[in-house]
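Beneath this line is the structure, given in structure tokens, with notes to follow.
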Amino acid sequence: MLPIQFIRENPERVQEGAFNKGEKLDVQRILSLDRDIRTKLHEVEELKARRNKASQEISGLKKQKLDATDIIVEMKDISATIKNLDTEIADLRKPLNELMIWVPNIPHESVPLGKDENDNVEIRSWGTPPEFDFKPKGHLTLGKSLGLFNFEWGSKLSGTGFPLYTGNGAKLERALINFMLDYHINNNYEELYPPFVTLRHTLEATGQLPKLEEDMYHIDDGEMFLIPTAEVPVTNIYRDDILSEEELPQKYVAFSPCFRREAGSYGKETRGLIRVHQFNKVELVKFVLPESSYDELESLILDAESIVQALGLHYRVMELCTGELSFASTKCYDIEVWAPGENRWLEVSSCSNFEAFQARRANIRYRKENGGVNFIHTLNGSGVATARLMVALLETYQNNDGTVNIPDVLQPYMQMTLLRN
RNA sequence: GGAGGUGUGGCAGAGCGGUUGAAUGCACUGGUCUUGAAAACCAGCGUUCCGAUACCUCGGGACCGUAGGUUCGAAUCCUACCACCUCCGCCA
């Protein structure tokens, strides 16, 4: 959410920001509703002031045992008028709020202008592509021969896109999650284990709703949703709270499965682990002071990168262009790992700054040293998502005989050094 | 699932339907006192919206779990919902 005052004062900036993100927006409609509301507000507040005065007069008269019928009769009318005006204002507020939750956040000035992924900018890369003296296999082939997952079983239970891990595959998935959690906990992130189902307004606060409703699994008559990321429950822990300045920044790490319908993306990648309806992710969330949020974004992406570095995977960091930015974010970096079997980059992390956009929707504020209150800034990043991580891992560490080496950092979790039949 | 209870400011805790944004205590902030600290004393201490502004503030509205209702007037009465607590039942 952007503040209405800001939209009033910068309508063209808001309109342009939405345009650069490829979002539809009618700022003029918002401004005209806002104008109408304020006119009526002025009117009704004057009447309410009169009513409050009259209330005291009536009270005074009654105390002196005097007759107050005249004022009471007069106030009857005024109260009716107030009631009508209040209703009219509420009737204007409804469509205004409806429009306001559709106003996207504005890209940061440093974000490259662009339309799609071709306009993203590579910031840096790490490592080199692994070299093989044989033709590297894809994760599907490796996984099948090593018995790591069984998509037939998964789709038998839940339809396509729901992977079922088996044997060492299940163990490897669990190892990755535990490794990542332990790593971030040692790096001063506090672990949370959140609910995987949330209410509608919890998703509105972080900005997934209303825009992405089609991509969400919902239950309970559409008022409960399976979370698409742990960002949602974790960011909402402080909803309607006022934190003190010295409590900030706060850093949390949380594991959750992520549920995404991926509506409209059928046709490509329906096989394998690359695009699925349920995957596991370790998520990082930060609550920070506004003045430091861009520094915090830089350290967040480094924290996420350190996972793929520890696993020894070749990756690159991309800065998203305006057209690729999500609804709620102002700036975002992706981490893409190299999958030699697929011969392509796979996105395993997105690290975003939302500035006060989510904080405003969730009403998360902090009290400044000088006593004033202000909205905090929120950030989050995957640290990182497993399904694709496992793809890159298997394909990177495969041997000619179809076995897969286990990276050092995972060996304590796996209690083995090699995946074999 | 059944029965009962409670929801007021950072916390604790008052509040006959009529100067109640809300007593009191604690906490917090500033000051007096003190070499310093504590104690004591004095003062201050919510959020939000609209408008004005000589940028210091000023005027007005709203907010006592949430949403409705009754009333000239609601923290106070009524209804529904939500959350928490206690007891019973069921249960991984």
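Any value given below was found using the heavy atoms of this structure, including those in side chains, with hydrogens, waters and symmetry copies removed. Each chain gets a letter, A, B and so on, in the order its sequence line appears, and its residues count up from 1.
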**Message:** Can you check the distance between rA52(B) and rA40(B), where both ends of the measurement are the C1' atom (answer in whole Å)?
**Reply:** 44 Å
**Prompt:** Hey, does Lys53(A) reach any base, or is it just sugar-phosphate, or nothing, if we go heavy atoms under 4.0 Å?
**Reply:** nothing
**Prompt:** OP1 or OP2 of rC72(B) sitting under 4.0 Å from any side-chain N/O of Thr69(A)?
**Reply:** no
**Asked** Can Thr403(A) and Tyr397(A) be counted as having a side-chain donor-acceptor contact under 3.5 angstrom?
**Response** no
**Request:** Look at the side chain of Lys251(A) and the backbone N and O of Phe287(A), then say whether any donor-acceptor pair between them is shorter than 3.5 Å.
**Result:** no
**Asked** Watson-Crick or G-U wobble partner for rG73(B), using a 3.5 Å limit on both distances?
**Response** none
**Item:** Watson-Crick or G-U wobble partner of rU79(B), both distances under 3.5 Å
**Value:** rA67(B)
**Prompt:** Is the gap between the ring centers of Tyr217(A) and Phe225(A) under 6.0 Å?
**Reply:** no
**Request:** Taking atom P in both rA75(B) and rC85(B), compute the distance separating them and give it to the nearest angstrom.
**Result:** 28 Å
**Prompt:** Just checking Ala49(A): base, sugar-phosphate only, or nothing, at a heavy-atom cut-off of under 4.0 Å?
**Reply:** sugar-phosphate
**Request:** Look at the side-chain N and O atoms of Asn52(A) and state whether any lies under 4.0 Å from the OP1 or OP2 oxygen of rA62(B).
**Result:** yes
**Prompt:** Under 6.0 Å between the ring centres of Phe327(A) and Phe357(A)?
**Reply:** yes
**Message:** Counting only Watson-Crick pairs (N1-N3 plus N6-O4 or O6-N4) and G-U wobbles (N1-O2, O6-N3), all under 3.5 Å, who is the partner of rC56(B)?
**Reply:** none
**Options rG60(B), rG18(B), rG69(B), nucleotide nearest the side-chain atoms of Glu45(A)** = rG60(B)
**Item:** Interatomic distance where CD1 belongs to Ile78(A) and P belongs to rG61(B) [whole Å]
**Value:** 13 Å
**Asked** Side-chain donor-acceptor pair under 3.5 Å between Glu173(A) and Thr386(A), yes or no?
**Response** yes
**Request:** Return the nearest nucleotide to the side chain of Arg365(A); candidates are rU48(B), rA62(B), rC50(B).
**Result:** rU48(B)
**Asked** Is His184(A) reaching over with its side chain to a backbone N or O of Leu284(A), donor-acceptor style, under 3.5 angstrom?
**Response** no
**Request:** Assign Gln5(A) to base, sugar-phosphate, or nothing according to its heavy-atom contacts below 4.0 angstrom with the strands shown.
**Result:** sugar-phosphate
**Asked** Across the strands shown, which category fits Arg8(A) at heavy-atom distances under 4.0 angstrom: base, sugar-phosphate, nothing?
**Response** sugar-phosphate
**Asked** Do NZ/NE/NH1/NH2 and the carboxylate oxygens of Lys40(A) and Asp36(A) come within less than 4.0 Å?
**Response** no
**Asked** Pick the nucleotide of RNA chain B nearest each of Arg367(A) and Ile71(A); which residue has the one closer to the 5' end?
**Response** Arg367(A)
**Item:** From Lys62(A) atom NZ to Ile58(A) atom CD1, the distance as rounded to the nearest 0.5 Å
**Value:** 7.5 Å
**Request:** Answer yes or no: does a side-chain N or O of Arg38(A) lie under 4.0 Å from OP1 or OP2 of rG51(B)?
**Result:** yes
**Message:** Please determine whether a side-chain nitrogen or oxygen atom of Lys76(A) lies at a distance below 4.0 Å from atom OP1 or OP2 of rC72(B).
**Reply:** yes
**Message:** At less than 4.0 Å, is any side-chain N or O atom of Lys83(A) found next to OP1 or OP2 of rU70(B)? Yes or no.
**Reply:** yes
**Request:** Let me know the distance between CZ of Arg51(A) and C1' of rA62(B), rounded to the nearest Å.
**Result:** 11 Å
**Item:** Integer-rounded Å distance: rA62(B) P and Arg93(A) CZ
**Value:** 13 Å
**Message:** By the 4.0 Å heavy-atom rule, please label Lys63(A) as base, sugar-phosphate, or nothing.
**Reply:** nothing
**Message:** What's the gap between rU53(B) and rC41(B) when it is taken at their P atoms, as a whole Å value?
**Reply:** 46 Å
**Asked** Partner of rG36(B) by Watson-Crick or G-U wobble geometry, both contacts under 3.5 Å, or none?
**Response** none
**Per Leu41(A) side chain, nearest of listed nucleotides rG73(B), rC50(B), rG18(B)** = rC50(B)
**Asked** Regarding Ser155(A) and Glu152(A), is there a side-chain donor-to-acceptor distance under 3.5 Å anywhere?
**Response** no
**Prompt:** Could you give the CG-to-P distance, from Leu199(A) to rU66(B), as a whole number of Å?
**Reply:** 17 Å
**Message:** Does Gln56(A) contact rG18(B) through a side-chain donor or acceptor facing the base, at a distance under 3.5 Å?
**Reply:** no
**Value in whole Å for how far the C1' atom of rG17(B) lies from CE of Met75(A)** = 18 Å
**Request:** Hunt down the Watson-Crick or G-U wobble partner of rU20(B), both distances under 3.5 Å, from any strand shown, or write none.
**Result:** none
**Asked** Using atom P of each nucleotide, how far apart are rU70(B) and rA74(B) to the nearest Å?
**Response** 11 Å
**Complete:** Separation of rG51(B) atom P from Ile4(A) atom CD1, nearest Å, is 11 Å
**Prompt:** rA80(B) and rC28(B): how far apart are their P atoms, nearest whole angstrom?
**Reply:** 44 Å
**Request:** Under a 3.5 Å limit for both distances, which nucleotide forms a Watson-Crick or G-U wobble pair with rA43(B), could you say?
**Result:** rU29(B)
**Prompt:** What distance, rounded to whole Å, do you find between the two P atoms, one in rC81(B) and one in rG4(B)?
**Reply:** 14 Å
**Sugar-phosphate only, base, or nothing, as touched by Asp77(A) at under 4.0 Å among non-hydrogen atoms** = nothing
**Complete:** Taken to the nearest whole Å, CZ/Phe375(A) to C1'/rU47(B) is 11 Å
**Request:** Taking atom P in both rG15(B) and rG65(B), compute the distance separating them and give it to the nearest angstrom.
**Result:** 15 Å
**Request:** With C1' as the reference atom in both, quote the distance from rA23(B) to rU32(B) in angstrom, rounded to an integer.
**Result:** 27 Å
**Asked** Who is the Watson-Crick or G-U wobble partner of rC84(B), with both distances under 3.5 Å?
**Response** rG5(B)
**Request:** Could you check whether Ile58(A) gets within reach of a base, just the sugar-phosphate, or nothing at all, counting any heavy atom under 4.0 Å?
**Result:** base
**Asked** Side chain of Val373(A): nearest nucleotide among rU48(B), rG73(B), rG60(B)?
**Response** rU48(B)
**Fill in**
Rounded to whole Å, the NZ-C1' distance (Lys368(A) to rU47(B)) equals 14 Å
